[in-house]
Each structure stands twice: as C-alpha cells, then as structure tokens.
Amino acid sequence: MAMSTRCHAPLAACVFLVCAVSMAVYTAFPLSMSPCTNSLSRALLAISGLDPYITSCADHDDASAARLSDGGGSDNIIGGPIVTNLLTCGNATLPPHALPPFYCCPPMTTAEPINFTFPDPSEPLRVRRPAHAVGAEYMAKYERVIALMKALPHSDPRSFYQVANIHCAYCTTSYRQANPKLGVQIHFSWLFFTFHRAHLYFFERIAAKLLGEPEFALPFWSWDVPEGMRMPVEFANSSSVLYDPIRNPSHAPPKLVDLDFLGPEKNFTDEQQIQHNLRVMYKQMIGNAALPSLFHGQPYRAGQNDMPGAGTVELAPHNTVHTWTGDITLPNVENMGDYYSAGRDPIFYPHHNNIDRLWQAWRDAGVARGYRGHVDFTDPDWLDSSFLFYNEDARLVRITVRDVLDTEKLRYTHAGVGMPWLDAKPPTTPNVNTKKGSLKSVRFPVSLDAAVSAEVRRPRVLRSRHEKMAQEEVLVVEGVETNGNELVKFDVFVNAMEHEKVEAGGRELAGTFVSMKQPSMDHRTGKRKPMKTSMRVALNELLEDLGADGDESVTVTLVPRRGNVRIGGLRIVYMTE
C-alpha cells in the first residue's frame, strides 16, 4: 500500500497542477478555452480534489448539445426562447474604470443543470414584508443572512460574491447566444421582471437554508409608499454588513427617495417629494402600462440583438432608484448605479423585491379597475426562455419564465403595504403653448443637444370607446442611441412646447427615458459599439386628459436631462396584445 501511495503521489500532484493551469487559462480566456473544449476525465477531476462546481469535466459533445438561444447559430434566424448555457459565459463587457472583480460567470459544474421543480405545496407560505415595518429583530435576520453568505468561500455558488455575480453575468452580455456575435442582456426587454424574480427566489431559499429557518422571507424596500420612501435605517449603520460605503452619502435617512432622479437634486419639501413620487408611480404603473409589452418590455427572441426596449417600471423607478442609491461621485455610480456592480450592495435585494411586488400589483390593479391589458404574455418564446441559478444545495438549476409566473406555487407572497399611487393621476397644466404653427421642421435622426419639438401625425382620430378598448395608441421613440458609457435621461412631453411651465410630474410629461451605463461590444471586431434601443409612451388616456383626442396630430417635445443621446424618429402606432 505504501508503494502504491508513493507511485500515485506524483501523478496527483501533476494532475492538480494541470487543473490549476487549466483554471487559470479558463478564467483569462473563458470563451476560447472552455474547460470542456479538451475535457479532463471525471476520474482525473476526482484525483485533483477540486470542488465539483469549479471546473466542468462533462463530455464536451454532451455539454455542447444543450439548447442555446437560436438553436443553430444562424445569423439569419430570429425566433425562439432565450436560453443560456455555462459554456457560453465569458468575459463581461464593462464600463471604463470598473471596480474589481471583473469576471462574472458562475462556477462551472461537473453535472448538467437540473430542471426546476416547484417547492412542496405543503411548505409554509413565506410572507415578504416591508423593511420599514418588519421590525429590528427581523431586519437583524437579514443582516445575519448577508453575514453568512459573505462568510462562505468565494468558490461556493451560494456565497454573496457569486450571488452578486449572477446579476453581472446576465447584465453585461457575459452569456452569449448560440450565435456568439449576440450577447444575452435581460434588461431593456420582456425578460426584466422574470429574471429578477428567479434571482430573488433562489437568493431567498439560500438565505433560509443558511439561517435554518425555512419560513424566512426577504424584506422589501417599499419606496413607492410614503412610509417607505426613505432608505431603511439598517442600511445606514456603518458597523453593519448591510452598509455599503459605495453609496451616495447625501441620500442616507432621513432623505426621501426621488423616483425621478438623475440630474440635479430637487429642492422639494417632503410633502412635495412624496406627491411627485406618487405621480411617477401612477404614470409608470397605470397611465403608460396599458399593455404587457409597455409594462414588461419589448419581445426579445433568440437570434435578435439585445435591448429592444424597456418597460415602464424598468426605466423609472427601477433605474432611478439604482442611480439615486449609488455613489454619484464615481464614474460609473457604483455599486447600485451600474448593472455589473449593483448586486454587491445588500440593498439591491430588498430594492428588487419591491420591483417584484409591483409586477403583482400591476396585475391586481388590472383586476380591481378593469384594465384588460394588465395581463402577462402568452408567447411561447417568452414562456420558454430560461436562466441558470445555483439552488440552496449548490445544484445548478434551469428555470423557465413559465416557472415564475405564480408566486403561490413558488410559496411566497407580499404583504403590508397598499397602492396609494392608484389615484395619483398628475394634473394638466393650464396655458401651456400647444400651437403648432411655430414648429420648425425636424429631420431625424437628431442629436438631442437641446429640446426638440416635432409634429407627429395620428393615423386615426376620434376613435370609438370600443376601438380604444381594443387598441392602445402608442408613441414610439425609435432609434434611441447612446455611447453606453454614460448615464442618460430625457423627458417626453406631449402638447407642451413650453415644457418649462409644466410642474414636476405634470400630465403633459408623457414619459421619461432613463438608462444606466450599458457599454456594448461588437464581437466581430472587438470594438465598442453604441447602445441602441427604443421607448414607447401610451396615448389613449393621455390624449383624453389633454382634450386632444380629436386632433390630427400631436406635438412631441423631447427634453434632454443628462448625457448624450441620438433619436432616430417618432411615430404613432396602434397596439393590441
């Protein structure tokens, strides 16, 4: 036996060295040198002693057979669900001056991902409650969760380091489609709500297992209701693991959140800020969210370029709360103010928990008020899109969009706050110049260096109530293009050329575009490329409120607030979903 040990010791050392070198190469060149491109055998992996989720030694032919986004990699095929695979995850596209760590892909595993299964229906229903009301003892549990996750080795997929990286990987085109020229980005599309719900689901179950409390539920930051519009005080305690020094110090409690933030600070009283926030919520949850694609975002299919267009809530208050929380003095407004780093701040999860709650609130508002369009998509390309997460047992799981539609099946619910913004419709502004005679001709595309007003003809006027119920009139701001390396915000006014007269959040302010930094790269040339997307504004209710339902055209005024942006054009369409 002693001789056998002496004979195998050098082999084990060599294998370990080979695996170590392989891992170093994989980290540096993840796309070109996947650990499965020339896979080691499972026996050699066992000798190496490496954790099973560090390096994949699965047979390369089997691994590459996993379904990817376009099913074949053709440049010309568009259609089918977005599907990711660990083997297509590589270097992130990060903004200049990014803070380490720079590599966002999850640990590899020797096992193929298992398909998601719902928790046992007999499990206790986890009740997610608002952070401002849940109490210090419960918030101490969340603090304990973060401490336990941070205490895990970085190689553990349940560690805080790796859970934060999940968001980075899916938000920086680290994942590629089957056509490697195309990245996967879950923002600015119909995948926004579903990905984040899945992310929180696995985060919560990991937390519950680490705590040893199966009923633990993640608290949410209820910034859309007056009593929750301040950062929860636990996150401002510099001696707590919930504290992140990379935040805007001037926005610590008792400062009220600004759901329309991105630019100079508003000189509002607390009462004015609350009123303004509620108006923002009405516009984004009701006025502009009449259809699934207006609320969730535009369809994003395999073989298609990313970022086709964000839904209302993603633009604001999602993006605005991210930037309000992040350190505005840093080039990229880390941590919360940039996609790649946002998950590193413990407040990210309560923030997105409220976003998740708003998805159900949008549905509930539809039922309560009879809004027929407040329903989810039924498109199989949406339902069958999927994401990869590690669960509480460190097993890799593939979860589809259809798996996350019913929170009761996921065994959680939200409770403890209402929807005070339901009746917070902004008022119209009297004596705002709506004359079109002074309009100068605008030739698109145009750089938005200053306010631009253009007349947009309506294909149909004086539509019947039945027609309005069947179709939403929608203003499309197309060809929105930025360099991706700066924060961008512009406002869209309707029939208000004298937009300066419109008070903050006034009815004529039809929509607001807000983009965090989103650098993009052309993977054929390796060069940076512009970010391109679109924006949509619902008009049915707005034109009635402005008394313009019989007009043959509307005046659209685009007002830049921050960053450089180019607009490709304006048009009005009629949508039904």
Side-chain angles (χ1 to χ4, degrees), residues 260 262-263 279-280 283 287-288 290 294 309 312 315-316 425-463 467-468 471-482 488-515 530 532-575:
D260 186 37
L262 199 60
R279 289 176 178 177
V280 169
K283 180 175 64 178
N288 269 342
L294 298 178
T312 52
L315 293 175
K425 180 188 290 190
T428 58
T429 308
N431 302 318
V432 174
N433 179 20
T434 62
K435 294 180 181 179
K436 304 178 179 65
S438 58
L439 276 177
K440 296 180 180 179
S441 177
V442 178
R443 188 183 183 94
F444 289 97
V446 62
S447 293
L448 207 57
D449 302 320
V452 172
S453 293
E455 184 178 355
V456 183
R457 294 194 63 80
R458 299 173 63 204
R460 287 149 54 192
V461 298
L462 291 175
R463 295 190 302 149
E467 287 178 305
K468 292 178 183 178
Q471 291 184 323
E472 183 72 23
E473 189 167 0
V474 176
L475 171 69
V476 181
V477 185
E478 51 193 1
V480 179
E481 181 177 322
T482 80
V488 170
K489 179 183 178 183
F490 65 85
D491 289 332
V492 181
F493 290 84
V494 168
N495 286 0
M497 291 177 62
E498 296 178 325
H499 59 88
E500 303 92 345
K501 293 183 178 180
V502 179
E503 65 175 289
R507 194 71 182 108
E508 294 80 8
L509 176 56
T512 297
F513 178 92
V514 178
S515 173
K532 296 182 180 179
T533 187
S534 64
M535 177 189 181
R536 285 157 179 80
V537 176
L539 295 178
N540 276 18
E541 182 185 81
L542 176 63
L543 294 181
E544 288 186 359
D545 292 346
L546 298 182
D549 198 34
D551 294 352
E552 293 184 351
S553 64
V554 297
T555 302
V556 177
T557 302
L558 306 174
V559 182
R561 300 300 187 189
R562 180 165 181 152
N564 297 303
V565 63
R566 187 174 174 85
I567 306 297
L570 303 169
R571 61 190 175 98
I572 289 176
V573 300
Y574 297 92
M575 299 175 61

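By convention here, the first residue in the shown sequence is residue 1. In this text the structure is predicted, and so the values were computed from the model without any measurement.
No side-chain heavy atom of Leu315 sits less than 4.5 Å from a side-chain heavy atom of Thr512. Between Leu439 and Thr555, some side-chain heavy-atom pair lies under the 4.5 Å cut-off. Looking at Arg571 and Val573, their side chains come closer than 4.5 Å, going by heavy atoms from C-beta outward.
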Check against side-chain contact (heavy atoms from CB on, under 4.5 Å), Val474 and Leu539: CA-CA 5 Å; Val474 176; Leu539 295 178; 6.0 Å; no
Pair Val452-Thr557, side-chain contact (heavy atoms from CB on, under 4.5 Å): steps then yes or no: CA-CA 5 Å; Val452 172; Thr557 302; over 6 Å; no
Step-by-step side-chain contact (heavy atoms from CB on, under 4.5 Å) determination, Val480 to Lys532: CA-CA 6 Å; Val480 179; Lys532 296 182 180 179; over 6 Å; no
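Look at Glu552 and Arg458 and you find no salt bridge, because none of the NZ, NE, NH1 or NH2 atoms lies under 4.0 Å from a carboxylate O. A salt bridge does not link Arg536 to Glu472: none of the charged side-chain nitrogens sits closer than 4.0 Å to a carboxylate oxygen. Taking a cutoff of 4.0 Å between a charged side-chain nitrogen and a carboxylate oxygen, Lys425 and Asp545 qualify as a salt bridge. Classification of Glu544 and Lys468 as a salt-bridged pair holds, one side-chain N sitting under 4.0 Å from a carboxylate O. For Asp260 and Arg561, the salt-bridge test fails: no basic side-chain N is under 4.0 Å from an acidic carboxylate O. A salt bridge is defined here as a Lys NZ or Arg NE, NH1 or NH2 lying under 4.0 Å from an Asp or Glu carboxylate O, and Glu541 with Arg507 meets this definition.
To the nearest 0.5 Å, the span separating CZ on Phe444 from CG on Leu570 amounts to 4.0 Å. In this structure, OG on Ser515 lies 12.0 Å from CZ on Arg562, to the nearest 0.5 angstrom. The CG atom of Leu558 sits 9.0 Å away from atom CE of Met535, with the distance rounded to the nearest 0.5 Å. Atom OG of Ser553 is separated from atom CG of Asn495 by 8.0 Å, given to the nearest 0.5 angstrom. One finds the CG atom of Asn564 at 9.5 Å from the CG atom of Leu448 (value rounded to the nearest 0.5 Å).
Between the side chain of Arg463 and the backbone N or O of Gln471 there is at least one donor-acceptor pair closer than 3.5 Å. Using modelled atom types, no side-chain atom of Asn540 and backbone atom of Ala290 make a donor-acceptor pair closer than 3.5 Å. At least one donor-acceptor pair under 3.5 Å links the side chain of Asn288 to the backbone N or O of Ala510. Tyr574 places a side-chain N or O within donor-acceptor distance of the main-chain N or O of Arg460, the cut-off being under 3.5 Å.
Closest non-hydrogen pair, Val559 versus Ala451, comes out as CG2-CB, 4.2 Å. Minimum interatomic distance between Val565 and Val488 (heavy atoms only, all atoms of both residues): CB-CG1, 4.0 Å. The two residues Ala504 and Arg279 have their closest heavy-atom pair at O-NH1, 3.8 Å. Here the closest heavy-atom approach between residue Ile572 and residue Val554 is recorded as CD1-CG2, 4.0 Å. The nearest pair of heavy atoms linking Asn431 to Lys501 is O-NZ, 3.5 Å. Nearest heavy-atom pair across Val461 and Gly550 is CB-O, 4.1 Å.
Judged by distance alone, the side chains of Thr429 and Glu508 do bring a donor and an acceptor atom under 3.5 Å apart.
Using the six-membered ring where Trp is involved, Phe513 and Phe490 have ring planes that are parallel, under 30° apart on the 30 and 60° scheme.
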